[in-house]
Undergrad: 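Please read through the structure below; I'll follow up with questions.
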Amino acid sequence: MRIATWNVNSVLARLPRLVEWLEQAAPDVVCLQETKVGQDAFPTDAVAPLGYAVAHHGEGRWNGVAVLSRLGLEDVVCGLPADPGFPDVHTLEARTLAATCGPVRLRSVYVPNGRTPEDPHYAYKLRWLGALRDAVAADASGSRPFAVMGDFNVAPADDDVWDPAAFADSTHVTPAERATLAALRETGLADVIPRIAKGPHPYTYWDYRAGAFHKGMGMRIDLVYANAALVGSVSDAWVDREARKGKGPSDHAPVIVDLDL
DNA sequence: ATGCCTTTCCCAGAAAGA
């Protein structure tokens, strides 16, 4: 069984590349982030011929997450029970949904960016990650294979950014953000780190500007956090760097994980 | 990278991303 996660940075802008990638990579289930289309605007007709059913949690211009599965989609749950919202609980954003796909339960996440450590968005990011921890605790400690995967907008360690000095006083690397990831792992989840494909680190994101991809100026912020039942079945994990090349890519590359359940 | 691209809103330029 093959599962994957990919921040597509607009599913409509990426649709030709998404379809091509689904044909080539052939994941059984893929979690998508930043679909950037409304709840009912996901292009399901484009992926249905490939055998994928779609569960989408969208809001329009921003955010949006989905699970595409050719192993069935059951028990779809959108959002978090204790979602703090931004700027407050009256404005919830489409940043996560969970679904059961055959033998596994998966949760697609698009963690808030945080903007700057002084910005209210940063406090929202930390609160949101706390709510995520509470939402996944039962699945994380359960016996069914489970993973929460997606764009976490946090680099777990200094090795996960191309130049730690360039990120001084920036979001994505602060001790508080990393502490929320550690608390998430403490529910029973392990970081499935992709193997090295090229360069010293398995980065998953490269800025569009200044040729960052070709200069190796990347970050590992797209993560697969898996419970014990799933980690034990991982046979391979890698970053599909080919998807970051060529014309019209997302600024994120997919992370693919093969399972031997 | 102090926004050097990209996408969305929708037709001009602001907002957001990490």
Side-chain angles (χ1 to χ4, degrees), chain A residues 5-18 21 32-43 46 56-66 85-87 91-96 108-126 128-129 132 149-178 180-181 201-223 239 241 243-255:
Chain A
T5 181
W6 191 13
N7 180 326
V8 292
N9 185 17
S10 170
V11 71
L12 298 181
R14 216 65 57 217
L15 192 55
R17 290 193 63 132
L18 174 63
W21 178 81
L32 302 180
Q33 301 86 38
E34 287 206 83
T35 61
K36 293 186 172 179
V37 291
Q39 178 64 36
D40 300 319
F42 193 100
H56 180 232
H57 181 34
E59 67 177 68
R61 185 175 185 180
W62 305 112
N63 311 312
V65 284
F86 187 80
T91 313
L92 301 181
E93 300 181 310
R95 293 186 176 275
T96 184
S108 181
V109 294
Y110 176 49
V111 174
N113 173 288
R115 300 177 187 165
T116 70
E118 300 76 27
D119 196 290
H121 208 258
Y122 177 82
Y124 165 55
K125 180 181 193 175
L126 298 180
W128 196 92
L129 280 163
L132 177 65
M149 50 207 295
D151 179 357
F152 282 74
N153 271 321
V154 181
D158 281 353
D159 272 355
D160 296 315
V161 297
W162 60 276
D163 181 5
F167 290 87
D169 303 318
S170 298
T171 59
H172 295 61
V173 302
T174 65
E177 288 168 278
R178 287 173 172 171
T180 62
L181 284 195
H201 304 292
Y203 296 143
T204 65
Y205 162 86
W206 301 261
D207 197 291
Y208 280 124
R209 292 159 294 165
F213 177 68
H214 298 286
K215 295 177 185 172
M217 299 160 65
M219 307 172 75
R220 187 175 75 93
I221 54 176
D222 299 272
L223 309 175
V239 178
R241 301 177 81 263
R244 183 61 179 81
K245 300 178 180 177
K247 180 174 165 52
S250 169
D251 42 2
H252 295 252
V255 177

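Predicted, not measured: the structure shown is a model, and the values here were computed from it. Lettering of chains follows the sequences in order, A, B, ..., and the numbering in each one begins at 1.
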Undergrad: Please state the C1' separation for the pair B:dG3 and B:dA14 - nearest whole angstrom.
TA: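 Roughly 13 Å separates the two C1' atoms.
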
Undergrad: How is A:Ala166 classified with respect to the nucleic acid when contacts are heavy atoms under 4.0 Å: base, sugar-phosphate, or nothing?
TA: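 Nothing, no nucleic acid heavy atom in range.
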
Undergrad: I want to verify a distance call: between B:dG17, B:dG3, B:dT8, whose nearest atom is closest to the A:Arg209 side chain?
TA: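 Per side-chain heavy atoms of A:Arg209, the pick is B:dG3.
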
Undergrad: Keeping A:Thr96 on the side-chain end and A:Ser108 on the backbone end, is there a donor-acceptor pair under 3.5 Å?
TA: yes

Undergrad: Which is more 5' along DNA chain B, the nucleotide nearest A:Tyr208 or the one nearest A:Asn7? Just name the residue.
TA: A:Tyr208

Undergrad: By nearest heavy atom, map A:Gly248 and A:Asp207 onto DNA chain B; which one lands nearer the 5' end?
TA: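 This one resolves to A:Asp207.
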
Undergrad: Base, sugar-phosphate or nothing for A:Tyr205? Non-hydrogen atoms, less than 4.0 Å.
TA: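 Sugar-phosphate, no base atom in range.
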
Undergrad: Does a side-chain N or O from A:Arg14 land closer than 4.0 Å to OP1 or OP2 of B:dT7, or not?
TA: yes

Undergrad: Quick one: A:Phe167 CZ to B:dG17 P, roughly how many Å, whole number?
TA: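 Interatomic distance, CZ of A:Phe167 to P of B:dG17: 16 Å.
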
Undergrad: Does B:dG17 have OP1 or OP2 under 4.0 Å away from a side-chain N or O of A:Arg115?
TA: yes

Undergrad: Base, sugar-phosphate, or nothing for A:Asn153, non-hydrogen atoms under 4.0 angstrom?
TA: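 If one applies the 4.0 Å heavy-atom cut-off, A:Asn153 turns out to touch the sugar-phosphate alone, with no base involved.
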
Undergrad: Look at all strands and tell whether A:Thr171 reaches a base, only sugar-phosphate, or nothing, counting heavy atoms closer than 4.0 Å.
TA: nothing

Undergrad: Return the value, rounded to whole Å, for the distance between atom CG of A:Asp151 and atom P of B:dA16.
TA: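 A:Asp151 atom CG is separated from B:dA16 atom P by 17 Å.
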
Undergrad: Might you work through the side-chain contact (heavy atoms from CB on, under 4.5 Å) test for A:Glu93 and A:Tyr110, ending with a clear yes or no?
TA: CA-CA 10 Å; A:Glu93 300 181 310; A:Tyr110 176 49; over 6 Å; no

Undergrad: Rounded to the nearest 0.5 Å, how far does CD of A:Glu118 lie from CG of A:Asp169?
TA: 8.0 Å

Undergrad: List the steps and the verdict of side-chain contact (heavy atoms from CB on, under 4.5 Å) for A:Trp128 and A:Thr180.
TA: CA-CA 10 Å; A:Trp128 196 92; A:Thr180 62; over 6 Å; no

Undergrad: For the pair made of CE in A:Met217 and P in B:dC5, what is the distance, rounded to whole Å?
TA: 12 Å

Undergrad: How long is the line joining CG of A:Asn63 and P of B:dT7, in whole Å?
TA: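 Between P of B:dT7 and CG of A:Asn63: 17 Å.
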
Undergrad: By the 4.0 Å heavy-atom rule, please label A:Met219 as base, sugar-phosphate, or nothing.
TA: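 Here A:Met219 touches the backbone only, sparing every base.
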
Undergrad: What is the distance, to the nearest angstrom, from the CD atom on A:Glu118 to the C1' atom on B:dT2?
TA: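 It is 14 Å, rounded to the nearest whole Å.
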
Undergrad: Can you tell me how far P of B:dT8 sits from CD of A:Glu34, to the nearest Å?
TA: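 Going from A:Glu34 (CD) to B:dT8 (P), I get 11 Å.
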
Undergrad: Measure the distance from NE2 on A:His121 to C1' on B:dA16 and round it to the nearest whole Å.
TA: 9 Å

Undergrad: Scan A:Phe152 against the nucleic acid and name what it touches under 4.0 Å (heavy atoms): base, sugar-phosphate only, or nothing.
TA: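 Since no nucleic acid heavy atom lies under 4.0 Å of A:Phe152, the category is nothing.
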
Undergrad: How close or far is atom P of B:dC9 from atom CH2 of A:Trp62, stated in whole angstroms?
TA: 10 Å

Undergrad: In whole angstrom, give me the gap between the P atoms of B:dA16 and B:dC10.
TA: 16 Å

Undergrad: Nearest 0.5 Å, what's the CZ-NZ distance between A:Arg17 and A:Lys247?
TA: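 Those atoms lie 10.0 Å apart.
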
